[in-house]
Amino acid sequence: MALLLMASPVLAQAPIPEGAVTPPPADAPVTAPTTDVLPAQTAPEEAAPAEPPPAAGEPAAQVADEAMDESMGEGTATPPEGFTGVYGQVTDAQTKETLIEATVKVVSGAQKSVLTDVDGNYQLALPPGTYDLRIFYDVYEGRRVTGVRVEAGKATKLDVQLSADAAAVQEVVVEASSDRRAESALLQERKKAVTVSDAISSQEIARTPDSSASDAVKRVVSATVVEGRYVLLRGLGGRYATTLLNGALLPSPEPDEPSVPLDLFPTTLLANLNVVKSYTADLPGTFGGGTLLIETNTYPSKFEFKPRLTLSGDSLSTFRPRNTQPGSFLETLGFTGPGRQLPASVPRDQRLGSSVDTWKSFSNVWSARSTTALPNLGLGASVGDTLRFGNQRLGYLAAVNYGHREGVRLAQYARAVNTLDQVEERDGSQTQLGTEGANLSALASAGYQFNRDNELTLFSLYTRGTDISSFTSRGVNNERSETYEGTRLQFISRVLSFNQVRGFHRLDGLGDAEIDWQANFSRVDRDEPDTRDSLYADDLGSPSGKYSFPNQPNSGERFNVTLGENSTGGSASLTLPLSAVRLKAGGLAQVSFRDFSNRRFRYQLTDEPVDASLPPEALFGPDSLGVGIRMRETTRPDDAYDAYLGIFAGYLTAEAKPVEPLRLVGGVRLENSRQRLTAHSPFDVTPTVDSEANYLDVLPSFNAIYALTPEVNLRAGYSYTLARPTFRELAPFLFYDFARRRNVSGNPNLVETRIHNVDARAEWFLGENEVLAASAFYKQFRDPIERVINNPQAGDLGFENADGASSYGLELEARASLGRITPVLANFRAAANLTLIQSNIILTDPIKLGAQTNSRRPMQGQSPYVVNLNLGYDRPESGTEVAVLYNVYGPRISEVGVQGLPDVYEQPFHRVDLTVSQKLGASTQLKLTGSNLLNSAVRIQQGGISVVNYRPGIAFSASLGWAI
């Protein structure tokens with residue numbers, strides 16, 4: 001059972017269905033019958049005064065003084081003879097399913113509480129008297145039953161049905177956490193939330209072929225994913241899409257992307273993914289498209305052990321030839337092999353010298369090998385339980401996952417150039433990319449509930465992954481008038497370690513005021529040791545028939561890149577549920593320290609004659625080094641940087657109900673940030689570039705929720721938020737994109753982006769897992785940051801602030817059972833969502849107007865539409881589930897064109913997936929999936945020219961899971 005109290009069940013005096021005690025109007029108590037079996041239709045009796053508790057010293061007084069009785073006992077369906085008290089069953093009013101661990105609490109006449117057992121039954125032993133009871137369960141509207149009479153030696157039966165759609169809302173009481181892995185629980189939380197939000201639960205994820213958070217999040221309304229790992233929300237990514245893990249900010253291990261790579265998180269670790277689309281002051285001020293909240297699994301209410309095995313492959317890779325490179329066994333487990341590190345003889349505090357022996361200490365592997373791609377493998381297991389010690393509980397969960405994958409990508413690349421006011425295709429190439437990767441992740445969580453009012457949770461997540469890429473290409477360089485063959489061998493290791501302690505406390509002396517706090521420490525590392533680029537060329541006009549080493553940059557080069565970032569901080573909030581208003585005040589402090597370093601080495605021809613057509617292992621081998629070939633360090637004076645980001649914030653929010661159907665939530669956040677980046681040489685900390693920015697931002701927010709009916713909400717909100725440039729966008733570090741053959745560099749003059757956000761939504765919760773919703777939004781940006789081509793001849797990239805931009809859109813969502821059409825289709829469900837977005841960039845600077853090709857265009861990265869369709873079939877009798885899913889996003893600008901070159905557009909990708917799940921007995925499940933069944937292609941175009949074109953192939957997987 002999760003110990004983080006985040007759900008808000010609602011107590012209401014709604015009619016109770018047949019078979020349960022019928023509560024009276026709000027101004028009249030009810031006296032429960034004294035018979036041991038409650039008649040189906042029992043009229044309320046006159047109110048009876050509560051009898052005083054037994055005198056001190058009597059056995060019953062000991063019971064009355066207990067603060068909590070957590071025992072659920074055995075055989076609670078039928079109390080023993082002579083039992084004095086109340087017993088019964090708590091069920092769902094709609095599904096009639098029993099509710100496990102629902103709370104039955106005495107609120108008048110005694111101080112005692114019990115939880116229902118696995119069958120929803122409870123026994124509440126009480127001395128003779130008259131009591132008021134409160135029955136509640138997470139994301140259900142609780143019930144209050146007054147005047148329950150208990151007589152000596154008699155058992156009073158009280159069956160209660162709780163409904164998620166009760167009519168009258170009386171008070172909000174946070175008592176326990178819901179199972180946030182369930183679709184229905186998330187919908188009920190969404191119904192009661194103060195923000196516009198959308199989510200996908202682990203229950204829904206299990207119906208898809210998705211293996212990581214990056215796959216799963218694209219099922220959320222208006223969410224898309226680029227490069228298979230970075231999320232865009234409402235068409236906005238990077239700095240506009242903040243990611244929180246269990247409420248704490250996550251740093252990114254990528255030097256070139258501001259987003260957290262979501263492929264680091266296997267879906268087996270996830271409880272849910274929630275996208276908050278309208279801002280409240282208790283969220284970080286960095287907010288544009290939305291905030292992605294990742295919640296990891298928490299401990300189950302009873303012992304569980306779940307092993308899992310997955311095999312997968314695709315039509316393009318599995319059992320086909322792929323490029324590869326030598327490696328070690330450690331790399332198949334996600335660790336860096338010792339042979340890839342910088343040789344010990346290479347000085348760390350100064351440039352590479354002229355020692356030939358040192359040159360020869362480098363690995364001499366340059367050419368890609370060939371092997372056969374094997375099927376992908378996934379292994380996982382989790383174990384968890386909740387242990388009870390009287391009134392206290394200890395919950396734990398441990399999970400480990402391992403995955404190994406191999407792939408092939410056959411792609412075509414080209415470059416668009418502007419000649420005589422015409423866009424022509426140049427530098428066409430055919431490439432083959434062979435990949436191998438491993439992911440290893442582990443999660444550990446433990447929570448201790450001292451009592452209902454005090455809880456402590458410890459959480460630790462460790463995930464690491466390796467990406468081994470062996471890239472070969474053949475093509476033409478029209479500018480140099482040559483043909484070429486190129487190879488890049490690359491190994492990247494990414495590691496994320498996240499640790500958090502979290503607490504919850506309820507203060508009885510302050511009217512059930514609540515304190516939430518958390519402290520966290522995280523570390524990310526990205527290691528790219530010994531990336532090697534080799535390129536051989538031949539004259540295009542008069543070819544010699546053999547390729548030779550051209551003695552030019554980007555050939556015969558090797559890189560060693562390291563990045564590390566420590567982030568630590570904490571937050572705390574105090575919630576005061578006053579009679580007229582609910583106040584929440586809190587603060588946050590989060591600091592991050594990043595260090596980045598890159599060393600470059602290049603092989604060059606000397607005046608000594610050498611056969612430049614020799615393969616690189618011979619040309620750069622020990623016989624040629626120091627004779628016809630020399631090695632030189634080409635590290636730049638700004639190839640390292642240190643960076644710091646400190647965020648300190650305080651906020652205040654207030655929630656009020658001026659009239660019963662209307663909720664108003666307003667707040668303000670004061671956020672101070674300091675961002676500093678110092679570029680320097682890897683051998684000297686003397687700054688070559690020093691960039692610092694200090695901001696103090698006042699960020700107001702306002703949300704209004706009107707419950708038109710108990711099932712229909714109308715929402716509206718306004719907020720003022722910001723987006724900061726990332727370290728990589730500020731750093732002057734120059735990175736060479738080998739596949740696209742261009743340079744990418746940062747801009748230390750970037751400034752913060754400010755954003756006005758307006759949101760509106762109407763949502764109708766038809767049933768437990770059903771919803772209809774329509775949303776509209778508008779955003780106004782000042783100084784948005786964009787990725788811009790700064791050299792049209794070479795296609796080099798940089799970053800710039802535009803003057804402004806606007807974005808507005810419409811979101812439509814429907815999720816329902818097809819049994820509403822005819823009972824024949826009761827086992828079918830359907831879901832669809834559509835997002836339509838229009839955005840416009842605003843340019844007033846004459847320099848930018850003169851440089852950029854289009855002064856009126858969409859924002860870079862903004863898709864005009866996103867569509868998701870989902871048709872599912874569920875037959876509980878046989879344990880069969882089938883789901884067909886479709887996803888597509890509209891064309892979006894990948895890079896902004898300049899000096900007559902058109903903007904670069906990523907074209908729509910139509911994806912159709914199929915998944916079939918079948919239970920094999922009570923504890924085994926088989927899951928078969930197919931992804932990208934249309935075999936769609938990834939295409940990036942510029943002015944009608946395909947600059948990138950490849951097919952990822954049709955993927956298949958089979959997974960077998962056990963629950964023990």
Side-chain angles (χ1 to χ4, degrees), residues 92-97 139-140 163-165 178-191 197-210 215-223 267 270-275 711-713 761-775 811-835 866-888 911-919 925-931 933 959 961:
D92 184 298
Q94 292 176 316
T95 66
K96 311 306 178 185
E97 294 180 358
V139 302
Y140 284 79
S163 173
D165 301 314
S178 60
D179 183 0
R180 295 169 62 83
R181 297 170 296 179
E183 180 182 3
S184 58
L186 283 186
L187 277 180
Q188 291 304 315
E189 288 200 7
R190 167 176 160 179
K191 179 180 177 181
S197 62
D198 296 296
I200 182 170
S201 66
S202 62
Q203 182 184 44
E204 295 173 271
I205 294 172
R207 299 170 181 151
T208 71
D210 304 333
D215 296 324
V217 74
K218 63 179 176 286
R219 314 291 180 186
V220 179
V221 182
S222 80
T267 53
L270 304 178
N272 61 73
L273 297 171
N274 190 9
V275 176
E711 294 80 24
V712 179
N713 284 335
R761 170 177 283 185
E763 52 191 3
W764 180 14
F765 296 89
L766 301 171
E768 183 182 16
N769 297 320
E770 299 176 310
V771 66
L772 295 176
S775 308
E811 297 170 341
L812 302 175
E813 178 188 10
R815 197 185 313 179
S817 167
L818 297 187
R820 288 183 171 274
I821 302 174
T822 170
V824 177
L825 300 177
N827 290 343
F828 290 86
R829 62 181 181 274
N833 60 72
L834 167 68
T835 304
V866 180
V867 179
N868 280 292
L869 301 176
N870 184 336
L871 178 63
Y873 171 79
D874 184 7
R875 190 170 184 268
E877 298 85 355
S878 61
T880 305
E881 273 195 86
V882 181
V884 181
L885 306 103
Y886 170 75
N887 169 264
V888 66
R911 173 169 171 159
V912 174
D913 300 331
L914 171 68
T915 177
V916 179
S917 296
Q918 178 63 56
K919 288 186 178 180
Q925 183 169 359
L926 175 66
K927 180 179 176 181
L928 305 175
T929 69
S931 303
L933 297 180
S959 176

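Computed from heavy atoms alone, side chains included, the values below leave out hydrogens, waters and symmetry copies. All figures in this text were calculated on a predicted structure; none of them were measured in a lab. In this chain, residues are counted from 1 in sequence order.
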Task: Smallest separation among heavy atoms of Ser775 and Arg761, with atom names - done: OG-NE, 2.6 Å

Task: side chain to side chain contact (heavy atoms under 4.5 Å, CB included) against Val712, all qualifying residues, sequence neighbours excluded - done: Leu708, Thr709, Trp764

TODO: Just jot down the salt bridge (charged side-chain N to carboxylate O under 4.0 Å, His left out) partners of Arg911, sequence neighbours excluded, or say none.
DONE: Asp913

- [ ] Look up atom CD in Glu97 and atom CG in Asp92, then write down how far apart they are to the nearest 0.5 Å.
- [x] 6.5 Å

Open item on the list: Test of understanding: with side chain to side chain contact (heavy atoms under 4.5 Å, CB included), list the residues that count as partners of Glu813, not counting sequence neighbours.
Closed with: Arg190, Asp198, Val221, Val771, Ala773, Arg815, Asn833

TODO: Report the distance from atom OG of Ser931 to atom CG of Leu914, rounding to the nearest 0.5 Å.
DONE: 9.0 Å

Open item on the list: Please give me the minimum heavy-atom distance between Pro876 and Asp874, naming the atom from each residue.
Closed with: CD-O, 3.5 Å

Task: Tyr886: which of Leu869, Leu871, Asn868, Asn870 passes side-chain contact (heavy atoms from CB on, under 4.5 Å) - done: Leu869

Open item on the list: Nearest 0.5 Å, please: how far is CD in Glu877 from NZ in Lys919?
Closed with: 11.5 Å

Open item on the list: Distance check, rounded to the nearest 0.5 Å: Ser959 atom OG versus Gln925 atom CD?
Closed with: 8.5 Å

Task: Partners meeting side-chain hydrogen bond (donor to acceptor under 3.5 Å, both in side chains) with Tyr873 (sequence neighbours left out) - done: none

Task: Which residues share a side-chain hydrogen bond (donor to acceptor under 3.5 Å, both in side chains) with Ser817, sequence neighbours left out - done: none

Task: Gap separating the OG1 atom of Thr915 from the CG atom of Leu928, nearest 0.5 angstrom - done: 7.5 Å

Task: Smallest separation among heavy atoms of Leu812 and Ala774, with atom names - done: CD2-CB, 3.7 Å

List the atom pairs, with distances to 0.1 Å, where a side-chain N or O of residues 820-831 and a protein N or O form a donor-acceptor pair under 3.5 Å, not counting sequence neighbours.
from   : atom 1 : to     : atom 2 : distance (Å)
Arg820 : NE     : Glu770 : OE1    : 3.1
Arg820 : NE     : Glu770 : OE2    : 3.1
Arg820 : NH2    : Leu766 : O      : 3.2
Arg820 : NH2    : Glu770 : OE1    : 2.9
Thr822 : OG1    : Val824 : N      : 3.4
Arg829 : NH2    : Glu881 : OE1    : 3.4

Open item on the list: Regarding Thr835 and Glu811, do their side chains bring together a donor and an acceptor under 3.5 Å, going by distance alone?
Closed with: no

